[in-house]
Amino acid sequence: MKAARNLAKDLGRVAFWFPFRWAVQALPLRAAQGLGAFLGRGDRLLSGRRRVGRMRDNIATGLDVDPRRAEEILLANLQSHGMDMVEFLKYPQMTPDTCRNWVEWEGREHLDEGLRRGRGVMLCTAHFGAKQALQVALGHAGYRVNQINYHLEPDQLSFVGRRVAQRQRLRIEASIPCRFISAKDFSGERSGVCRTTKS
């Protein structure tokens, strides 16, 4: 996989990681989430008619809903994506207290039951919510979390992607109460590296 390299995207990356990130981090979480939802609405308005039509048609076909309902789902999805982006930028400011107001747990007893058996638990996620939200929430709730992750190689990125976007992303990841294990270094023979246990 190669990240897109073009001047417009690089300028957007600089704007996102500097003035926009600073503004988000200066806001309370609730206000930042509202900003993210507003960005989702802006994305809907600024996306070309053809792109919006394709997304709406895909939703209508995939979910077997009428175009009006597909439009509602499309807007909600874009707003959710905007909120996900700003929540990721807020991770360095997260604490156990802020997580209690941010996360609503459901089914946590299954995790605790698995851990009581003393063999650890492997969780598979599909990026529901902000990227790595589960690791943030679990870590601040007192669980010891390990995650196998992967980052593009520097030569796969533009200069701005390498020196700005990836560098800032790694700094945010460093604030997450989680041990990250590079997929490039991971060996399946090393047992237990993907285990989550209560500390």
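Every value quoted in this text rests on a predicted model; they were computed, and no experiment measured them.
- Rounding to the nearest 0.5 angstrom, the gap separating the CG atom in Asp112 from the CZ atom in Arg117 is 12.0 Å.
- Ala32 and Val86 get closest at one heavy-atom pair: O-CG2, 3.2 Å.
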In sequence, state the C-alpha distance, the side-chain angles, and the governing distance for Thr98 and Thr95, and then conclude on side-chain contact (heavy atoms from CB on, under 4.5 Å).
-> CA-CA 5 Å; Thr98 56; Thr95 66; 3.4 Å; yes
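- Across every non-hydrogen atom of Cys99 and Val136, the tightest pair is SG-CG1, 4.0 Å.
- His151 is listed as a side-chain neighbour of Glu173, based on a closest heavy-atom distance under 4.5 Å.
- Linking ILVMFWY side-chain heavy atoms closer than 4.5 Å, directly or via other members, places Phe16 and Met83 in two distinct hydrophobic clusters.
- Annotation for Val145 and Gly139: closest pair CG2-N, 4.1 Å, computed over non-hydrogen atoms.
- Residue Ile176 holds its CD1 atom at 8.5 Å from NZ of Lys131, rounded to the nearest 0.5 Å.
- Atom CZ of Arg51 is separated from atom CG of Asp43 by 5.0 Å, given to the nearest 0.5 angstrom.
- Residues Leu152 and Gln166 come closest through the heavy atom pair O-NE2, 3.0 Å.
- No path of Ile, Leu, Val, Met, Phe, Trp and Tyr side chains, each step under 4.5 Å between heavy atoms, connects Leu75 with Met55, placing them in separate hydrophobic clusters.
- Within a 6.0 Å radius of CG in Asp66, more than 12 heavy atoms belonging to other residues, nucleotides or ligands are found.
- Scanning for side chain to side chain donor-acceptor pair (under 3.5 Å) contacts around Gln25 gives an empty result, with sequence neighbours left out.
- One hydrophobic cluster, built from ILVMFWY side chains closer than 4.5 Å, holds both Val65 and Leu74.
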Working for side-chain contact (heavy atoms from CB on, under 4.5 Å), residues Trp102 and Gln33 | CA-CA 11 Å; Trp102 176 53; Gln33 290 170 325; 3.7 Å; yes
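- Take Arg116 and apply the salt bridge (charged side-chain N to carboxylate O under 4.0 Å, His left out) test, not counting sequence neighbours, and it matches Glu113.
- Note: the hydrophobic cluster containing Val14 also contains Phe20 (ILVMFWY, side chain heavy atoms under 4.5 Å, direct or indirect links).
- In this structure, Phe18 is a member of the same hydrophobic cluster as Leu35, with clusters built from ILVMFWY side-chain heavy atoms closer than 4.5 Å.
- With respect to Glu71 and Arg68, no salt bridge is recorded, no charged nitrogen being found less than 4.0 Å from a carboxylate O.
- More than 12 heavy atoms of other residues, nucleotides or ligands sit less than 6.0 Å from atom CD of Glu109.
- Met94 has its side chain within reach of Leu29: a pair of non-hydrogen atoms, C-beta onward, lies under 4.5 Å apart.
- Looking at Tyr91, its side chain does come within 3.5 Å of a backbone N or O of Ala133 through a donor-acceptor pair.
- Rounded to the nearest 0.5 Å, atoms CG (Asp84) and CG (Leu39) are 12.0 Å apart.
- Taking CG of Leu89 as the reference point, atom CD of Gln168 lies at 9.5 Å (rounded to 0.5 Å).
- A 4.5 Å side-chain heavy-atom check between Leu111 and Leu138 finds at least one atom pair inside the cut-off.
- Using a 4.5 Å cut-off on side-chain heavy atoms (C-beta onward), Arg108 and Tyr143 make contact.
- Looking at Ser47, its side chain never comes within 3.5 Å of a backbone N or O of Arg44 through a donor-acceptor pair.
- Val24 is not listed as a side-chain neighbour of Gln93, based on a closest heavy-atom distance of 4.5 Å or more.
- Using cut-offs of 30° and 60° for the angle between ring planes, the Phe88 and Trp17 rings count as perpendicular.
- Taking the charged nitrogens against the carboxylate oxygens, Asp10 and Arg13 do have a contact shorter than 4.0 Å, which makes a salt bridge.
- With rounding to the nearest 0.5 Å, the separation of NZ in Lys90 from CG in Leu27 is 6.5 Å.
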